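Here is the structure we will look at, set down as structure tokens.
This is a predicted model, so every value here is computed, not measured. Atoms within a ligand are numbered from 1 in the order they appear, just like the ligands themselves.
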Amino acid sequence: MKILSVETSCDETAIAIVEAKGDERHADFKILGNALLSQIEIHREYGGVFPALAKREHAKNLVPILRAALEEAEMLHEDKQIIPNDTRTQIANTLARESRLEEQFFAFIDESEVPDIDAIAVTAGPGLEPALWVGVNFAKALSLAWDKPVVAVNHMEGHILSALATAKDETLEITNVRLPALALLISGGHTELVLMKDWLSYELLGQTRDDAVGEAYDKVARMLGLPYPGGPEISKLSEALRKHSETPDAPPLPRPMLHDKTCDFSFAGLKTAVRVLVQDKDLSEKEKAHIAHEFEETVGEVLWKKTERALTESGAQTLVLGGGVSANTHIRRTFTKEVIDTNSNVALCLPQAELTTDNAVMIALAGFYHARHEEYADIEDLVANGNLKLA
Ligand code: KG4
Ligand code: ZN
């Protein structure tokens, strides 16, 4: 089965074409095309993602990204298409608020062969709602033009499945996942512990009561005068300290909710503690590195302790990390070490580096399992939902 997937939930415009074979027990995914355009440079001057701008950029870039993905998959062929007038009207209505996108869309569709795909998967949420809508409407328009069904995908499910995938030759495979599987999802918008009890059936075990961990990284980075996105910048500073085996030298930061008996998190207090620490100070590069290091130690410890609690409570057999923050070297190292040290029998799955940040391949992986069972959306009812929940 060939899936074309669309991701526009945040600041990446991405389209992938993936050929999937198999079932829940064992599936192979061959990436035929994968095109992605990051808007990070554009948002950097705002110190974060600016939703109206993200939306405009997605609208501008979707057709060129589609072309690039199809071309890589060798599915881009010129061919005149005759789209019936009532379908044209429906497509125009779907893309109504994006006149430039509509123009580009028809210019492309009218001159291109319908690709050999079986379904279109699109991120329906969670994320920035205006950004999500562009992708959802684009997927609906493609569905109308090509007469292909649409699967609505939860972005967080994409993060979980891409972490379960291992690379083998030119393909990815998801095989023999031992359930229940516990997922720690850490991104700019999420900090959640989600249990996959049965295949693609979830229970929320814990979540942040205030800021997401990625948000804390970004805000602390800003306080230290580092550019957006802050996660990689903080990591760079503190890894350099570790590399030179310098003795940590920063006042200890609070470990929020470490001893509380739930699997919930809180990062607002930690952020405030850093603010108090840096306020009105002209910090040297060295002082900044020590604060970054202490911040990472705190985050690593809190994330692991809460995950350990959730592992014990749920009896999970597999532990998965997903979301942009799961690219973090210190967090990956901490989890790898703790899983070994605690002698736990759990299988730890870390996503491949290029699949940690938002991408469309992960949406295709998730889309496949739903498309297999023909869980297609009625495009009349399909909506973008910024707060879409897994459980
Ligand atoms: O999943 P993602 O790409 O987008 C959202 O859905 O939010 O996650 C973005 C977040 C940002 O907060 C960014 O600072 C953080 O992931 N991030 C990192 C690293 N790479 C990205 N945080 C810590 N260490 C990293 N290496
Ligand atoms: Zn994400």
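Comparing Ser238, Ser9, Pro232 against atom 19 (C) of ligand 1, the shortest heavy-atom distance belongs to Pro232. Between Asp218, Asp358, Ile186, it is Asp358 that holds the heavy atom closest to atom 3 (O) of ligand 1.
Using a 4.0 Å cut-off between charged side-chain N and carboxylate O, Arg333 and Glu296 make no salt bridge. Using a cut-off of 4.0 Å between Lys/Arg side-chain N and Asp/Glu carboxylate O, Asp110 and Arg88 are scored as salt-bridged. Between Asp260 and Lys306 there is a salt bridge, since a side-chain N of the basic residue sits under 4.0 Å from a carboxylate O of the acidic one. Classification of Glu41 and Arg44 as a salt-bridged pair holds, one side-chain N sitting under 4.0 Å from a carboxylate O. A salt bridge between Glu287 and Lys281 is absent, with no side-chain N of the basic residue lying under 4.0 Å from a carboxylate O of the acidic one. Salt-bridge annotation for Arg372 and Asp23: absent, with no side-chain N of the basic residue lying under 4.0 Å from a carboxylate O of the acidic one. Here Lys219 pairs with Glu215 in a salt bridge; the nearest charged N to carboxylate O distance falls below 4.0 Å.
For ligand 1, the polar-atom distance check against Gly231 finds a nitrogen or oxygen pair separated by under 3.5 Å. Of the polar atoms of Thr356, none of the N or O atoms is found under 3.5 Å from an N or O of ligand 1, judged by distance alone. In terms of polar-atom proximity, Gly188 is counted as a contact of ligand 1, with an N or O under 3.5 Å from an N or O of the ligand. Every N/O-N/O distance between Glu215 and ligand 1 stays at or above 3.5 Å. Every N/O-N/O distance between Ser235 and ligand 1 stays at or above 3.5 Å. The N/O atoms of Gly214, backbone and side chain alike, include one that comes under 3.5 Å of an N/O atom in ligand 1.
Looking at Glu12 against ligand 1, nothing comes within 4.0 Å, counting heavy atoms.
If you number the atoms of ligand 1 from 1 as listed, the ones under 4.0 Å from a heavy atom of His159 come out as 1 (O). Taking a cut-off of under 4.0 Å to the non-hydrogen atoms of Gly189, the atoms of ligand 1 that pass are 7 (O). For ligand 1, the atoms closer than 4.0 angstrom to any heavy atom of Val325 are 15 (C), 16 (O), 18 (C), 22 (N), 23 (C).
Of the possible donor and acceptor atoms, none in the side chain of Ser9 sits under 3.5 Å from a partner among the backbone N and O of Gly127.
Within the 4.0 Å heavy-atom cutoff, Cys10 does not count among the residues contacting ligand 1. Heavy-atom distances between His190 and ligand 1 stay at or above 4.0 Å for every pair.
Remark: minimum distance from atom 24 (N) of ligand 1 to any protein heavy atom is reached at Asn328 ND2, 3.0 Å. Given atom 1 (O) of ligand 1, the protein heavy atom at minimum distance is Gly324 N, 2.9 Å.
Judged purely by distance below 3.5 Å, without hydrogens or angles, the side chains of His77 and Glu113 never pair a donor atom with an acceptor atom. If you check the side chains of Thr94 and Asn137, you find no donor sitting under 3.5 Å from an acceptor.
Every residue meeting the ring pair (Phe, Tyr, Trp, His ring centres under 6.0 Å) condition with His155, not counting sequence neighbours, appears here in chain and number order: His159.
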CA sep, side-chain torsions, deciding dist, call: Thr175, His26, side-chain hydrogen bond (donor to acceptor under 3.5 Å, both in side chains): CA-CA 4 Å; Thr175 183; His26 177 104; 2.9 Å; yes
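The distance from the CD1 atom of Ile174 to the CG atom of Leu164 is 6.0 Å, given to the nearest 0.5 Å.
Each protein N/O/S atom under 2.8 Å from the Zn ion (ligand 2) was counted, for a total of 3.
For Arg67 and Phe108, the positive end is not near the middle of the six-membered ring at less than 6.0 Å and at most 45° from its axis.
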